[in-house]
Amino acid sequence: MASLELGTLVADPSTIDQPFRADVPVTRRRRQIRWGRGVILVLAAAYFIVPFYAAMAFSLQKPTGGFSLTPLSQIASAPGFISALWLSTQMAVITMAGVMLLMVPTVIYVHLRMPRFRRVMEVITILPIIIPPIAYATGVLESAPAWLRSSQYLLAIVYVILAMPYVYRSLDSGLGALDLKTLVEASRSLGSGWISTIWRVLVPNLRSALMSASVLTIALVFGEFTIANVDNWTTLPVWIYNAPTTDNPRITTLVAMVALLATCVVLTLIVTLDRSQSRNSRRS
Amino acid sequence: MTVLSDSASRTPPLGVSSLNGKSGSGGGGALVRRLRTSAPVLPFLSYVILVLGVPTVAIINYAFRSNSGHFTWQNIHTILSGGQFRTGFETSLKLALVTAIIPGILGTFIAYAISTSSHAPFKRISAATSGVLAQFGGVNLAFMFIASFGFVGVATKWLNAIGVDPWSHGFDLYKFWGVAFVYMYFQIPLMVLIITPAFAGLHPAWREAAENLGASRWRYWRHVGIPVLTPAILGSMFLLFGSGFSAYATAEALTTGTISITPIQIGSILQGNVIAGENNIAYALAFAMIVILLITVVGYVLLRRRTSRWLR
Amino acid sequence: MALATDSLTTIGSDSQSLGGAPVVFDNLTRRFGATTALDRLSLDIAPGELVALLGPSGCGKTTALRVLAGFDRPDNGRVLVDGKDVSHVPAQRRDMGMVFQSYSLFPNMNARDNVAFGLQIRHQRASQRRAKASELLDLVGLADHVTKYPHQLSGGQQQRVALARALAIEPRVLLLDEPLSALDAKVRAELRDQIRALQQRLAITTVFVTHDQEEAMSMADRVCVMLQGRVEQVATPSVLYSQPATPFVGQFVGVSSRVAVTRHGDHVEVLGREVPIRGDLNAVPAGELEALLRPEDLNVVVNPSGLGVVTHRSFLGATTRIGVGIAGANLRVDVRSTHADDLELGTRVDVSVNARDVLVTTPRPTN
């Protein structure tokens, strides 16, 4: 065995990356990083806020100049708005119930008993994100039985598939953060059955994951256009799409913006409130 | 729920059931056990097969049928041999590529900027906002951009006021680059959403170990940080590619169907905006899209496997 | 997993001529907001010495190590290596090898590339650094795992690669940040002996942070017990055990029972025995004091009219630990297991102790 030549191993100052500068304190480097981060974030914020702000300005501007909130009150009286809103709301509720009933027990079970199946689940739940919605919509219409094709519930059935990716990811990360096996075994050993274990032990612990999954599902249903349009149902986005030719474009744009803002605010509230609650409970 | 409660209580623990037949003579018994273990996922699987699988198979089936219902390669051949469908397909690929790479890079930087922040509420709000914006596609998004960056949009007016006129310098919201510009609005948040966990998996000990061994910041990124993140970034870009490739509603609402990309072509054929009798061409186009998308999924899954090994 | 002793000898003989660098912590203070992690910490470490920083979590031991590594800056005070102030030298130019608690191997490089990383940064030729890396891996007993990636290695193997990587750059000081705490007991004991053997052969100055007193006592030349950012005592393990300088050290190091006692002039009374107070009598307050009794120093004799009652017993192997309630105190006593049969629960006993084995201290307020 050859011996190590230690002489050459010792660092030669001239070969080190940069010359040693005792005068550059670490804090200066940190400040540079912070600057770079600030610039990136400000630019990003500009890209995301400017169109939104401009669209809001567009819909709230008075022809005479200045802003007015009256368009907000006109939304409700716009023809067809209420029925579109009602249809979208129904679809959102049914989709939520369906996707939760389907996914919650399945994902919990897979985490507990079939960890290898998680990979399959992951791939399956990627598919709805990338399958071309226009192709999928027509495929559904071609293959659905006639009685279902004429029913609005077909939309909800399909939306369950579209919501799966978000619900799965929320649940998967929520469950990953729990010591699921111990929780279930503790609950079972204390005499509770499977249903009460899920309902009384796991669901409360998954609250934040379930909440954000629900909000994303609702946002998805309220934003989905392609399938509803192909299937000829006037949901909110379809109404927005068809309205401007006949009616005031300011109002439809306003509806779109209010929907976006509402989703953002609700989700942010849920996330922040939930965190502060869990922190309090840990402290006490 | 009843399915779960019934069979789960009878199922032996995973350790036993996953031996699948190695334990003793009863190969059939092991199969039964295995079936019983997987019974609770059957509702989920059946739902996926019925509602996602069957329509997909229907699309593929029609892609290879002639108008009279016989098997044919003609539809595929029509697409590949050139003309508007081939051009549309190429434009779609280009659009997907552009809206995967640019938002992929920008989203990575933004995710890094967010994840290095020490301000916890800011991080949570960013995550929540990304989640919403990532699926804020479609009609609403298109209208927002028409109202802001359209020819008479409010933001366009602001730009004119400071002496910049994007529309007279080749910018057109309703053409390729305009559509790409709008797509970034959901593609960037999507990237932020899926790449953030990778930054969280970048262990601080790697940075310190590298520094400790004499590496500068730049060399840490070059030898450790970037190589470790590359599979995650690439995998995420595959997903962005898929999302940009299949997006329909945004482009439809933005350009009222005037941009020639495959999803819009499929839409106009199927909604009878063009000559009838071409429906199966639409399915062939959809089939071609699915093939491309399956390739991206495979790429995503392979890269993701490596990522999860590295970033625990 | 025996060490390859032949290459060890070559390294050892070479580096002994180089000698490790002396390290001095000079009056270091570091605050994080309202908490003071280091409070005027001073410590001299001799060349080639292994000093363990021992203390409960939050005592500042890790901060001290990070300040030495250059990952953290003191608000006040200096760090001297080889007599030179390195306080303003960035971490990447300090030439210190560090082994982290866990997960510090670069996941995109195999074991050899990990070990060769520091040499690559120092622009060594590829062939040269690969050869050296392989040799170091051989040294830590991983010759068969040269091309494996971190996720293919066990926790103990990963830490040995990390050790080889730290040694590859010929560090002036070796820093070990709880390198064994994520490992299971058997691997931990094995690796403990390996690290110590290597460190002694290479005569490399080493600072070792741990919260595990057994680890500190068994590996270190000297142990520095820290509390609230301050040094409580720096001493060899045996001195630390037998002559703790402060009440905290007495209680933290080893197992002992605490008995409240009252001072009578120059002595206290413990278990009916007069125990003289050692050291400067003026420094010891009058009134309530505390006596610390090690379980192995106490003797138990069965006596039906004795003052103590056996309240507890647990079998530890060669010895059995008996709990005795006596005069309001609870004493823990170790007896040889072969002699423990007649010490049933409830048995009345007498407990005695040699006056020279008793440590008298001021009571520490319990939080």
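Note on naming: letters A, B, ... go to the chains in the order of the sequence lines (proteins, then strands), and numbering restarts at 1 for each one.
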Centres of the B:Tyr183 and B:Trp177 rings: under 6.0 Å?
-> no
Verify the ring-centre separation between B:Tyr220 and C:Phe117: is it less than 6.0 angstrom?
-> no
C:Arg196 CZ: over 12 foreign heavy atoms closer than 6.0 Å | yes
More than 12 heavy atoms from other groups under 6.0 Å of CZ on B:Phe44 = yes
So what's closer than 4.5 Å to chain B heavy atoms on C:Gln101: side chain, backbone, both or neither?
-> neither
So, the part of C:Arg165 with a heavy atom under 4.5 Å from chain B: the answer is both
Counting heavy-atom pairs under 4.5 Å with chain B, the top scorer among C:Arg66, C:Arg94, C:Met109 is C:Arg66
